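Each chain gets a letter, A, B and so on, in the order the sequences are listed, and its residues count up from 1. Because the structure is predicted, anything quoted here is derived from the model rather than measured.
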Amino acid sequence: MAIAAAPHGGGIADHIHPEPQSFVRRYVFSIDHKIIGIQYIITGFVFFVLAGLLAETIRIQLMHANGGFVSPQTYNEVYSIHGSTMVWLVVIPLLTGGFGNLVFPLQIGARDVAFPWLNMLSYWIFPIAGLMLFSSFLMGAPTAGWTEYPPISLEGQAGTSMWAAAIFLVGVSSTLTGINFVVTIMKMRAPGMTFTRMPLFCWGQFATAPLLMIATTALAAALAALFMERQFGVPFFDPTKGGSPVLWQHMFWFYSHPAVYIMILPAFGIVSEVLPTFSRKPIFGYKLIAFSSMAIALAGFMVWAHHMFTSGLAPYLQLPFMVITFVIAVPTGIKIFSWTATLWGGKIHYTTAMLFAMGFLVLFTLGGITGIFLAAIPFDLHLHGTYFVVAHFHYVLVGGSLMGIFSGMYYWFPKMSGRLLSEKLGKWHFWLFFIGFNGTFLPMHWLGLEGMPRWVSTYDPQFQFWNQFASISSFVMTAGILLFFANILYSIRFGKVAGANPWGARTLEWQIPSPPHYYNFKHIPTVYGLPYDFSQPLPYRGLEDELNDTPPPVAAGAH
Amino acid sequence: MAVASITQGGHDSHGEIDQLYIETRELRLQGFLLFLVSDCVLFSSFIFAYLYLRNSGQGWPPAGINRLDVAFAAVNSVVLFGSGATMHYALENWKHGNFMKFAWMLIFTIVLGVGFLCGQGYEYTNLIFHDHVSWWGSGIFGASFFTLTGMHGFHVFVGVCYLTVLLLQSAGGVYTKDKYFGLTAGTLYWHFVDVIWVVLFSIFYLL
Amino acid sequence: MVEKNAPAVRLGRGFWIVTAVLAILAIASIVFWYVAPIYRWMHLPVAIATAKQVDQLSRFMLATGSALYIFVVGYIVYFAIAFRVRKSDPPDAIGIQIHDNHKLEFWWTVIPAAFVVLLSVLSIKIWYEITLAPSNGLVVEAIGHKWYYTFRYPQVNGEITNAMHLPIGVPVTLNLTSADVIHSFWVPAMRLKNDMVPGLVTQIHFTPTRIGTYQIICTQFCGIDHSLMHQQRFVIDSQANYQKWYHAWQVKNAKVSNALPSTSGASVNLAAGDVAAGKALFAQKCTACHAMAPFTTVKYGPGLLDVLHDPTHPNLVNGQPANPADAAAILEKGYTGTMGSMPNAVTNGLSSQDIANLVAYLNSMK
Amino acid sequence: MNLVTIEHIVAVAGGIVVAVVAFYALYKDWKTPGVENNVFRLMLLLLGVGAVIALLAGLGILGNFPAKAA
């Protein structure tokens with residue numbers, strides 16, 4: 001289905017635009033997917049720092065049963081913005097806009113994404129929306145958590161409307177990115193790069209992009225309705241005017257359940273690249289991993305009401321949602337078993353990227369298992385809205401997505417900057433983060449089982465010990481993250497020069513210089529097989545000139 | 001005047017079609033279709049919201065609100081559907097090189113689209129000033145009806161502007177007999193707007 | 001994709017030893033979850049019949065989940081150690097090049113799928129018993145407010161505002177709704193909750209099986225004092241005690257409802273305030289949020305030492321002058337506004353006499 | 001002949017014309033290759049269905065509700 005390079009040339013693959021020379025066109029309003037990816041990553045990590053400060057505020061507040069660090073009002077604002085930021089401004093942009101833009105066009109052998117200008121547009125919407133979200137603090141931020149259930153969000157402070165507008169804009173950015181990625185993967189793969197030869201990171205993006213495109217639009221509808229109701233009094237959700245609060249929950253979760261797969265499928269992809277590279281072994285069960293990503297993405301649209309078992313849903317509607325949710329455990333299990341089997345018989349190199357990928361396996365598996373628990377309606381009726389849920393989703397989102405992001409950062413940083421991140425600092429980062437993370441979130445499981453509800457700024461004194469334990473552990477985790485930023489700042493100046501392929505990896509992006517040229521490939525290569533077979537020569541032809549000084553050919557079709 | 005230059009625009013267009021155009025067109029076509037898909041999801045979400053609220057056990061239409069006027073809406077729908085048919089023939093004529101006919105069909109389409117908007121404006125005026133139904137003051141009926149039809153009306157408005165731009169562009173010789181992706185996209189968009197109305201007409205007036 | 005030159009896969013002795021160790025650990029963890037009295041550690045008694053079944057389901061999932069987790073993590077750790085690259089390896093050493101193993105993949109698809117079917121069956125069974133529990137007995141209404149619950153009983157006017165009483169052994173249908181925003185009604189001892197959605201009545205059915213006093217907790221965010229919405233109790237009495245409570249409340253309610261119309265501070269007889277009683281009450285009811293310290297010592301609310309005698313703060317939070325009558329009005333009605341919120345006397349469980357005592361105490365401090 | 005009757009007649013007549021044109025275009029377009037033509041076929045089909053619906057509404061077969069009691 002990919003466009004084969006025409007024998008007489010002149011297609012997109014032979015159409016090399018001249019590199020822009022001004023600083024602004026090159027680094028600010030760039031249409032180069034690599035620069036845009038780096039822009040996403042930098043912006044995402046800036047918001048990550050802000051969200052981390054908010055998270056520490058939460059943990060300091062919960063050091064004591066009576067709270068007292070901030071007022072309950074501020075506390076509610078803090079966790080609402082923390083959740084919204086982490087979901088919409090950190091994890092989703094980093095994984096799709098960031099690593100997606102940076103890596104997958106290189107991996108499929110394209111010169112850029114399908115619509116570079118659209119790509120620039122979707123990036124520039126994102127920081128604006130982020131600033132809008134944080135500006136809601138000035139007018140009274142939303143307090144009802146990242147889910148903003150009406151009617152409480154209808155009577156929330158003025159910033160709640162700003163929140164809705166900001167998330168709507170992020171949604172527009174996501175939708176455009178999704179469209180761009182689908183078209184790029186469908187149409188712009190290098191000759192010979194069939195779907196069954198595509199690296200698994202691309203499969204992760206390919207499964208995610210339709211979710212971005214379809215689910216995010218559904219969220220846009222919900223947010224628009226909320227905004228209209230708050231600003232113009234148009235009744236959708238207010239029960240006193242005939243609306244239904246449960247309607248919001250349907251509309252919101254119809255997006256937000258697929259959104260959790262938006263946040264994890266690209267991380268699956270990252271891990272599927274890192275594990276084989278550092279095990280010096282093909283990924284185990286390539287086809288099943290690729291297929292299970294698609295299965296998860298598809299099934300993700302059919303399970304949203306499992307967030308609503310306590311919301312007064314008709315009983316007969318609950319059962320199918322529970323069973324389909326259980327079914328998702330099967331493809332997810334296949335992935336975890338396949339990754340574990342990939343390690344078997346390997347020659348495992350303990351780079352930091354590999355440590356994070358293995359940490360991902362350990363933590364995500366736990367989050368996945370508690371996810372199955374919560375899918376069982378009787379268990380959910382007990383633990384919905386408690387700290388058990390908080391523990392569960394932090395295990396999948398921090399232990400899963402964020403570990404994947406860190407793994408990807410250590411893995412692809414040389415490709416972005418040409419220099420390696422310090423392995424020594426990286427290992428400190430990993431261990432502090434891993435230990436601190438478990439110390440923070442593992443106790444939340446039994447806090448929830450004992451009866452500690454979510455969204456509280458004070459709690460019963462019997463929960464104080466484990467809360468203090470969690471808070472102190474969170475400082476350890478934060479120390480790890482600080483080391484990570486120190487590492488980046490240090491290595492970008494003084495890091496070891498990486499060369500084209502410091503990891504001995506076999507996917508296409510490692511066969512070209514780091515950082516790659518503006519046009520990515522001097523000649524678009526032809527692909528002959530899967531990239532993961534370490535005993536075979538590289539399955540690419542046409543890459544001979546990539547690492548020497550040959551200038552790129554003048555574009556045949558350039559006007 | 002415009003028509004004359006369209007007729008000329010078609011002449012020197014043969015043999016210019018190249019690999020770059022074929023590939024770019026394929027990308028744009030797919031991107032545009034995916035955009036329509038996500039737009040469709042936007043409508044679907046609001047339609048879901050409408051059907052959900054409608055079936056939340058309060059009876060329909062809610063107390064104090066009359067049934068919508070089916071006969072007038074049927075005429076208005078026929079106007080919009082008719083514009084879909086003329087748009088189809090506009091593109092067909094362009095493909096076969098009948099640029100005059102193309103221009104007339106496109107003009108018909110725009111006129112019918114404006115007619116639909118006028119009809120909708122008339123209907124809104126009636127509802128607001130005669131029946132005293134408003135967007136925010138009439139409960140879930142006003143909310144869902146005005147939001148969905150308003151959103152559709154906005155799409156029609158954008159479509160009319162889009163088609164007008166296409167008319168001017170084709171008059172200015174932007175498209176040739178073989179390279180006319182903008183016209184294809186415009187036709188797709190206009191059909192999409194029509195088809196959404198089939199659904200909205202059915203669920204608001206006939207259900 | 002098994003190729004002809006694919007290397008033969010031999011699992012060494014180490015693999016089987018590790019498997020055996022993991023199997024033992026997994027069995028031990030299963031035994032642990034079935035022996036361990038987990039909810040007794042957590043002070044969560046079993047108050048209704050289905051709670052026990054939910055616990056059994058939790059046990060089953062915890063046991064199988066941890067067995068699975070032990071295997072996955074055990075193998076990851078073992079592979080990580082056994083297959084690490086060694087100093088003696090050449091720099092370009094590669095692992096065993098296997099792409100897949102259809103038999104293995106078949107089994108690790110089928111076994112989880114079978115497990116999913118089993119888990120569905122178990123969950124559906126228990127779900128049926130929770131949803132279709134007998135509902136032919138007492139019907140009680142629980143209504144969520146910011147930030148307390150009220151309860152209505154059949155053939156009684158008025159609402160109960162402190163604790164909810166139910167008789168043991170009688171099927172109960174609980175109608176849940178809300179007066180303002182979404183709240184949730186969770187009794188951990190019942191392992192059961194449901195949201196209280198405004199404009200919607202949801203039902204839960206259960207039969208109390210154990211006498212005791214349990215906590216009711218709100219688990220949906222409902223505003224600034226959501227954190228405090230767990231003060232009320234869910235009391236299961238013997239049938240005789242329940243009848244006694246029910247009739248006493250019926251009688252009391254009749255009296256109260258006649259005396260109730262005066263809801264302004266004027267009904268409080270401030271002259272009858274007792275400073276010592278107020279001091280004791282302050283320690284019990286107010287110190288969660290207020291310190292007996294100068295104004296600037298903020299816990300939630302400001303410090304209340306010289307609240308009625310502070311020249312820099314001549315007005316109370318609601319803008320009224322700081323005199324005893326207005327302080328009593330705030331205590332009675334509560335306050336919600338830009339400065340935060342304070343629950344009213346009903347939520348705080350204060351009688352008029354209590355308010356008089358508290359005001360007397362506050363007035364005595366300067 | 002009041003306004004409502006005219007509306008009914010216009011809806012019926014217009015519905016017939018548009019439905020015939022849409023289905024005829026669909027018939028003519030049945031075998032044109034290309035992605036966009038698949039979409040056009042679907043759209044023309046729905047357009048024809050829509051015209052038929054409008055026609056039936058004009059005939060009073062669909063959407064003919066008894067006047068609601070005040």
For B/S77 and D/A54, work out which heavy atoms get closest and say how close. CB-CB, 4.4 Å
I'd like to know whether CZ of B/R28 has more than 12 heavy-atom contacts from other residues, nucleotides or ligands below 6.0 angstrom. no
Which atoms of B/L68 come close to chain D, meaning under 4.5 Å heavy atom to heavy atom: side chain ones, backbone ones, both, or neither? neither
Heavy-atom side-chain contact between B/V78 and D/V10 under 4.5 Å: no
Would you mind telling me which of B/D194, B/T184, B/L188 has the largest number of heavy-atom pairs within less than 4.5 Å of chain D? B/L188
For B/A85 and D/L47 the tightest heavy-atom approach is N-CD2, 3.8 Å
Atom CD1 in D/I61, atom CG in B/L206: separation rounded to 0.5 Å? 11.5 Å
Residue part contacting chain D, namely of B/Q30, when any heavy atom lies under 4.5 Å: neither
Interface moiety of B/F201 toward chain D, non-hydrogen atoms closer than 4.5 Å: side chain
Heavy-atom cut-off 4.5 Å, strictly under: side chain, backbone, both or neither for D/A25 against chain B? both
Please classify the contact between B/V70 and chain D as side chain, backbone, both or neither, with a heavy-atom cut-off of under 4.5 Å. side chain
B/H88 vs D/K28 side-chain heavy atoms within contact, under 4.5 Å: no
Inter-residue atom distance B/Y205.OH - D/L62.CG, 0.5 Å rounding: 15.0 Å
Rounded to the nearest 0.5 angstrom, the CE-CG distance for D/M43 and B/L36 is 6.0 Å
So for atom CH2, which belongs to B/W135, do other residues, nucleotides or ligands contribute more than 12 heavy atoms lying within a distance under 6.0 Å? yes
Scored by heavy-atom pairs under 4.5 Å with chain B, the best of D/L56, D/L42, D/D29 is D/D29
Does any part of the side chain of D/E7, heavy atoms only, come nearer than 4.5 Å to the side chain of B/D69, both counted from C-beta? yes
The interface call for D/V39 against chain B, heavy-atom contacts under 4.5 Å, is side chain
Verify the neighbour count for atom CZ of B/F157: are there more than 12 heavy atoms of other residues, nucleotides or ligands below 6.0 Å? no
Atom NZ of residue position B/K95 - does it have more than 12 heavy atoms of other residues, nucleotides or ligands inside 6.0 Å? yes
Is B/T86 close to chain D through its backbone or its side chain, or both, or neither, when contacts mean heavy atoms under 4.5 Å? neither
Decide side-chain contact (heavy atoms from CB on, under 4.5 Å) for D/V21 and B/Y89; before the verdict, give the C-alpha distance in whole Å, the side-chain angles of both, and the deciding distance to 0.1 Å. CA-CA 10 Å; D/V21 171; B/Y89 277 101; 3.6 Å; yes
Let me know if D/L44 has heavy atoms under 4.5 Å from chain B in its side chain, its backbone, both or neither. side chain
Where D/F40 and B/H191 come nearest, the two heavy atoms and their spacing: CD2-CD2, 3.6 Å
What residue in D/A51, D/A57, D/A11, D/A22 has the most heavy-atom pairs under 4.5 Å with chain B? D/A11
Is the count of non-hydrogen atoms from other residues, nucleotides or ligands lying under 6.0 Å from B/F108 atom CZ greater than 12? no
